[in-house]
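Order of the sequence lines fixes the chain letters, A, B, ..., with proteins taken first and strands second; residue numbering starts at 1 for each chain.
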There are 2 protein chains.
Amino acid sequence: MNVKQEPGSPAREPRRRAGRPRSVVLDRELIAQAALKLVTTGGYASLTMSGVAKSLSVSPSALYNHVESKQELMQWIQEIVMDGVDSTVFETLPLAEALMAWAVTYRDVLAGHAPLIPLIAVLPVSGSPHTLEMYEKVAAGFARAGWESAQIVPAIVAIESFIFGSALDVTAPLDIFDPGPNAGKIPKFESALAAQRASGQPSADAAFNTGLRAIVGGLVGSGDRRH
Amino acid sequence: MNVKQEPGSPAREPRRRAGRPRSVVLDRELIAQAALKLVTTGGYASLTMSGVAKSLSVSPSALYNHVESKQELMQWIQEIVMDGVDSTVFETLPLAEALMAWAVTYRDVLAGHAPLIPLIAVLPVSGSPHTLEMYEKVAAGFARAGWESAQIVPAIVAIESFIFGSALDVTAPLDIFDPGPNAGKIPKFESALAAQRASGQPSADAAFNTGLRAIVGGLVGSGDRRH
DNA sequence: GGTTTTAAATGAATGTCGTTCATTTACTAG
DNA sequence: CTAGTAAATGAACGACATTCATTTAAAACC
């Protein structure tokens, strides 16, 4: 904070230089937090540049002095959200259990941010140091379990894909599989549906548990991927 | 076509009643196909109501006599797209192989329509008879393999979640995992990345193959889900 | 065959967005 | 004190989805 500023390298923490008598100067952190609060209270439909600006008592165009686009703002949100994923489990648990614990927090974190998923799936990780650290911990977990190098990234991406898809499912309506007017024409599926419903568990949760056990078991269980 | 129309029940196939000297009357099928062609040639960014209207030589507002919203139009596209998934494999192949063949076509079909995935994941199937038929065939495949009723739907949804996530991955840039300025700080992940890259296979494809084998193997392989 | 009904098209208009830009403001540096 | 500059303003723009009053022409009715 109170470090002498070298002439050649400008401050990373910009000093107060407002264009108006304003309580606080806009800032990446402020904007990101305001956006996140907006999303948390009103969902992604309420995430508009005007909305963020209003919540900061600022004009919409003021935001563009700090953020390039709404897309970039969503990347900021994504970074904060991804920070909620617990990847310390790989340091303490055996690989299979760590993967399952990690996947659970990962899905839970994403479930509330479904609109971010298509973004995250496609976003270069270079911009998100936290995410890279997460991958490092996961990769270290695989390596520690004796996995061959070349198999690690595909395994991680595979589980992640399952997590992304499962997080999308969480927001689906509970009666998504109601056959409606086609009832009766699809007996096998309908009886399967009825049986699953009898369990009382939302099908998204049941599917996540089932699938997670299967994919982790299928990856870690069979032993021919070690070197 | 030339069936006498009963007074009480209006025609399901609307006769030509245009408001202008027009070569063809608008129609759900026409609009859906025009929209699909637009998407195929220009991607989802080019899917606008004006664009669809223009490709039909019609004013944008004319579309709203036939479709309620852009959202509904996208549901029409989704139905056509989902029709490209081959679920006949369940009638000829053993469950595990059928699941893998089905998943491959399913992912390939979705890969070109990533923006539809969040929609499909949440859309009630009652509006899509084709999709329901697909589920029927898949469920029949599980039943034929001796699966207990209550386990079938979770298993289907689990694989589907993996497919959705994998289809999202397909559109990711090849260098999505480039650590950028953080190179060197994440040694385990970087060496895993290098090893995977050496294989020459895009990581999305490697992950899909790896994950599909794992999840199908994990589901079908262990025998305690049969009754 | 003329009249009425009606589905379907028009185009002007609306409201909501994200984003740009010329201009102004007030803090900082010299 | 002066010049420079980061940061804010608000007006404006261009997309876009959607609505609505009005018009058109085919079909139904007699």
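Using modelled atom types and a 3.5 Å distance limit, the side chains of A/Asp86 and A/Thr105 yield no donor-acceptor pair.
A salt bridge between B/Arg107 and B/Glu160 is absent, with no side-chain N of the basic residue lying under 4.0 Å from a carboxylate O of the acidic one. The existence of a salt bridge linking B/Arg197 and B/Asp178 is confirmed by a sub-4.0 Å separation between a basic side-chain nitrogen and an acidic carboxylate oxygen.
Listed pair A/His66 / D/dA6 fails the phosphate criterion, with no side-chain N or O lying under 4.0 Å from OP1 or OP2.
The distance from atom OH of B/Tyr64 to atom C1' of C/dA7 is 19 Å, rounded to the nearest whole Å. In this structure, A/Leu56 places its CG atom 15 Å from P of D/dA7, rounding to the nearest Å. Between the CD atom of A/Glu68 and the P atom of C/dT20 there is a distance of 9 Å, given to the nearest Å. Between the P atom of D/dA17 and the CG atom of B/Leu73 lies a distance of 10 Å, rounded to the nearest Å. Computed from coordinates, the A/Gln71 CD to C/dT19 C1' distance equals 14 Å when rounded to whole Å. Counting to the nearest Å, the C1' atom of C/dC17 and the CG atom of A/Leu38 are 14 Å from each other. Protein atom CE of B/Met49 is 21 Å distant from nucleotide atom P of C/dT14, rounded to whole Å. Atom NZ of A/Lys54 and atom P of D/dA8 are 19 Å apart (whole Å).
Considering CD of B/Gln33 and CZ of B/Arg28, their distance stands at 11.0 Å, rounded to 0.5 Å. In this structure, CG in B/Asn182 is found 8.5 Å from CD in B/Glu190, a value given to the nearest 0.5 Å.
Within the structure, every pair that satisfies the ring-ring contact (aromatic ring centres under 6.0 Å, His included) test and touches residues 32-65 of chain B, not counting sequence neighbours, is listed here: B/Tyr44-B/His113.
B/Leu63 comes within contact range of no nucleotide atom at all, as no heavy-atom separation falls under 4.0 Å. Counting non-hydrogen atoms under 4.0 angstrom, A/Ser59 reaches a base of the nucleic acid. Among the protein residues, A/Ser61 comes within range of the nucleic acid bases, having at least one heavy atom under 4.0 Å from a base atom.
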Show the numbers, then the answer: is there a side chain to side chain contact (heavy atoms under 4.5 Å, CB included) between B/Phe208 and A/Ser161? CA-CA 8 Å; B/Phe208 180 63; A/Ser161 295; over 6 Å; no
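Residue side chain A/Asn65 reaches the base of D/dA8 through a donor-acceptor N/O pair under 3.5 Å, judged by distance alone.
Direction of the helix axis in the helix from C/dG1-D/dC30 to C/dG30-D/dC1 shifts by 0° between the two five-pair termini, rounded to 10°.
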